[in-house]
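Heads up: the structure comes next, in structure tokens.
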Amino acid sequence: GRPASAIVPGTPVEQALTEGSHGSPFKKKRSSESRPLVTSGILGCVLVLAAVIAWCYYSMSLRKAQLLKNESLDLRKDGFVIHDQGGTVIFTMTFRSDSLDLDSCSKEGNVLSCTRSYSGKLNFFIQTVRSKDTVMCYRVRWEELQNNHSIEHAMAYNGSHWYGGAETAEQHWPIKIQGEQDPQPFVTSDVYSNRKAFGGILERYWLSSNATAIKINDSVPFHLGWSEKDRTLRFEARYQNSPFRPAAGQRVFPELSYRVCVGANVASIHKYMVRRYFPKPIKVPSSEVFAKPVWSTWALYKTAVSQEKLLRYASDITTHGFNCSHLELDDRYTSDYGEFDFDPQKFPNASDMFEKLRKKKFKVTLWTHPFINYDSINFGVAVEKGLFVREPSGELPALVRWWNGVGGILDFTNPEAREWFSSHLSTLKDRYQVASFKFDAGETSYLPPHFSTLMPLSDPSSFTRHYAEMALPFSDRAELRVGYQTQNVSCFYRIIDRDSVWGYELGLKSIIPTVLTISILGYQFVLPDMIGGNAYPNRTAGRANALPDKELYIRWLELSAFLPVMQFSIPPWAYDKEVVEIARKFTELHETLVTPRVIELADEVLKTGDPIVRPLWWIANDDEAAYKIDSQFLIGDDLMVAPVLEPGKQERDIYLPAGQWRSYKGEHFDKTPLYLTDYSVDLDEIAYFTWVPSVET
């Protein structure tokens, strides 16, 4: 027999197997049942793979999120935000001109860096620097490597109040954003003649009530704009259509770099920034100028001043019982603009005049400026010696128009021009024993649109700095109206001419915001211009070509008595006996109450750079009300002043920050902070309060 398992060819079993190989009904049934299982298996594999990819992407995103954080800063493709310790956003910067390619970003230590934006290669970084236990700073730099288009970052207000920047014609404290303004060159300008420009005293520095501060680097071709709609300040770097030029040998690609610092409160972060970024004065100027009024010829006589008028002015000051630190002989005592001696028609015996004034104990300062008009005998001399700012080719002197005509402007980057100008001033000083000089103008806006200087200026406002430094040999009583990185030039900084009006546009109300602003910018020896304003025709409250309104003059006088320096031009006796009596009262109060404090604080400025005239938030820096007050101020920490700045008022609302205060009337206030509503202030009064230290029992 054969084995039981053998298959006999041709049998039904063999036939069945043969048929099965070609798809029997049984096999087809099994195959159709298994197809969903295969599909499910494939789908399962896809889902697992997707989950793995998603997990990897999520992990990468988590790592990227960690990568784009640095301390309290979060970097995004279109900007960055900074949080406080509680997680609240206190600073927001938006990249308006381009966005970062975050895939090009990396983190190493305390530096976040990126190599690409959406439009090309760049060098971007944010470096975190913990400067002190209470201060964190972030160095930010965006440098184009392929494109020379502008770079713009927009800083949001974040519901806070901002201070600093520049002197302006319509000055507010805090800064008030009005309208939409495309970024303009942030350079010094004469805001009396161009009221939409930035003023003669400016710094690239802003400070907020959120205890944040920003300082734009000197190397940036910096333009500033703003948006009321977006509540932003717009910071732009560009060379195209701009007076800024790349430094010699530097590429034309712009760079926007700055430092943002965050502190415990607004006063402490400001102190930190000032100590780190601003030069300090090297000495305190004349204490006599702080104590006794300056008397200027300008508002009273304008250009019609003469020897006879100056001697009579001095005699009247003495006759009416006033002190005088010095007489300021203003425009115009020379025959032509650009000369350095007296017009013999108007001053027939200048030596004799000075001798008479000396016998009466009067010192005299003289007005000067950087221009030489084309009809001056010195114009040809300056052309021959190559002393002027020149046309872009460098071959011809550039002619400029200023408020007294057309001429050349001295090139203070040129050592020969500096020496020529300085030696003429020194000769004048020695010949007549002149006390010092009032240096007028100096703003970048008086340079021609296109120019060249012996030392190329990548930043046009460097011209202002060179001009301000001309005051150094005469700084004890010198007066400047411009400042840019010149806090170390220890002279008196005059705010720009005021109109004889009440309002915020170069009027009485603008004085406190302007003095506070330039103090925050590091210029502490403030001269608040002439009491009553300049009495210019058509810019005087009341009748044109008349004296400033009497009430305006009195309120201006009272405010000036509590500022570092008082300056008269239109004299009190131009009004009546009442005004003379009020003026005597307040010049005496200035000398006895205010000056000792100011001189003590001036000595501190040399060490700290802290302001002499301080905002209320200096002593109340968590007080929302104190951030917004623009009609009160402090001298130091313990004397608070609240002048009347409205016409027809003999009362005002006054805010007393936390602390114990004693009023000038002898009242005590200890349940503070407190609003005093309709507090009575007579026409011959100014409200002031002294902080009373709490007595420890």
Side-chain angles (χ1 to χ4, degrees), residues 192 289 292-306 308-333 362 364-365 367 438 440 479 481 492 494-503 505-511 514 527-563 565-590 643-645 647 683-684 686:
Y192 193 85
V289 179
K292 298 173 183 176
V294 175
W295 296 80
S296 171
T297 62
W298 176 245
L300 182 60
Y301 296 119
K302 303 295 191 296
T303 57
V305 68
S306 67
E308 179 190 351
K309 289 175 180 176
L310 184 62
L311 288 171
R312 186 167 69 243
Y313 193 40
S315 178
D316 287 346
I317 292 167
T318 305
T319 301
H320 289 93
F322 287 95
N323 287 326
C324 174
S325 63
H326 61 255
L327 290 167
E328 188 265 312
L329 176 52
D330 213 287
D331 182 15
R332 106 184 224 179
Y333 58 89
F362 282 99
V364 180
T365 65
W367 178 76
K438 170 184 175 175
D440 215 351
E479 178 186 324
R481 77 176 200 188
F492 294 97
R494 176 175 70 87
I495 65 177
I496 196 71
D497 303 32
R498 303 287 118 172
D499 290 330
S500 300
V501 296
W502 290 90
E505 186 179 308
L506 297 178
L508 178 61
K509 284 185 185 174
S510 71
I511 293 176
T514 304
L527 177 63
D529 205 43
M530 298 162 202
I531 290 164
N534 284 265
Y536 290 131
N538 305 319
R539 296 190 185 275
T540 298
R543 292 180 298 112
N545 301 313
L547 290 174
D549 175 72
K550 175 181 169 181
E551 183 191 7
L552 174 69
Y553 184 89
I554 291 170
R555 293 307 193 190
W556 206 305
L557 157 66
E558 292 163 352
L559 168 57
S560 291
F562 282 81
L563 292 171
V565 180
M566 296 183 75
Q567 184 180 38
F568 286 101
S569 184
I570 292 168
W573 54 89
Y575 293 91
D576 54 31
K577 189 176 179 182
E578 180 190 22
V579 177
V580 171
E581 288 302 318
I582 293 171
R584 284 198 195 116
K585 169 184 170 180
F586 278 96
T587 52
E588 184 179 337
L589 191 62
H590 175 81
V644 173
L645 305 174
L683 183 60
D684 66 343
I686 187 170

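In this chain, numbering begins with 1 at the start of the sequence shown.
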Hey, what do you get for CG (N534) to CG (L300), rounding to the nearest 0.5 Å? 12.0 Å
Criterion side chain to side chain contact (heavy atoms under 4.5 Å, CB included) on I686 and F586, from CA distance to verdict: CA-CA 9 Å; I686 187 170; F586 278 96; 3.5 Å; yes
Is it true that a side-chain atom of S569 and a backbone atom of S296 form a donor plus acceptor pair closer than 3.5 Å? yes
Do D529 and R481 have side-chain heavy atoms sitting under 4.5 Å apart? no
Note: K309-D316 ion pair, threshold 4.0 Å (strictly below): no
Testing the basics here: between S510 and G507, what is the closest heavy-atom pair and its distance to 0.1 Å? OG-O, 2.6 Å
Drop me the distance from Q567's CD to E328's CD, to the nearest 0.5 angstrom. 6.5 Å
Indicate yes or no for a side-chain donor-acceptor contact from S500 to the backbone of P548 under 3.5 Å, with no hydrogens or angles considered. no
Is it true that a side-chain atom of K550 and a backbone atom of D576 form a donor plus acceptor pair closer than 3.5 Å? no
Do T587 and F568 have side-chain heavy atoms sitting under 4.5 Å apart? yes
Spacing of K509 atom NZ and T514 atom OG1 [to the nearest 0.5 Å]: 14.0 Å
Is R584 reaching over with its side chain to a backbone N or O of H320, donor-acceptor style, under 3.5 angstrom? yes
Sub-4.5 Å side-chain heavy-atom contact between T365 and V294: no
Please round to the nearest 0.5 Å and tell me the distance separating atom CG of L563 and atom NE2 of H590. 8.5 Å
Using every non-hydrogen atom in the two residues, find where V364 and H326 come nearest and quote the distance to one decimal. N-CB, 4.4 Å
Can D684 and E581 be said to form a side chain to side chain contact (heavy atoms under 4.5 Å, CB included), step by step? CA-CA 9 Å; D684 66 343; E581 288 302 318; over 6 Å; no
Rounded distance (nearest 0.5 Å) linking atom CG of D330 with atom CE of M530: 5.5 Å
Side chain proximity check, I531 to Y553, heavy atoms < 4.5 angstrom: yes
Heavy atoms of W556 and D499 approach each other most closely as CH2-O, 3.3 Å
Taking every non-hydrogen atom, the tightest pair across V565 and P528: O-CD, 3.1 Å
Is the shortest heavy-atom distance from the side chain of F562 to the side chain of L589 under 4.5 Å? yes
When you measure from the side chain of S560 to the backbone of M566, do you find a donor-acceptor pair of N or O atoms at a distance under 3.5 Å? no
Are L327 and I317 side-chain neighbours, meaning at least one heavy-atom pair lies under 4.5 Å? yes
W298 versus D331, side-chain donor and acceptor atoms under 3.5 Å: no
Which atom names give the shortest non-hydrogen contact between L508 and V644, and what distance separates them? CD2-O, 4.5 Å
Evaluate the side-chain proximity of L506 to D497: yes if any heavy-atom separation is below 4.5 Å, no if none is. no
Between R498 and I496 (side chain of the first, backbone of the second, donor and acceptor by atom type, cut-off under 3.5 Å), is there such a pair? yes
Please round to the nearest 0.5 Å and tell me the distance separating atom CZ of R555 and atom CD1 of I511. 14.0 Å
With heavy-atom distances below 4.5 Å as the criterion, would you say the side chains of W502 and E551 are in contact? yes
Give a yes or no on whether the ring-centroid distance for F362 and W295 is below 6.0 angstrom. no
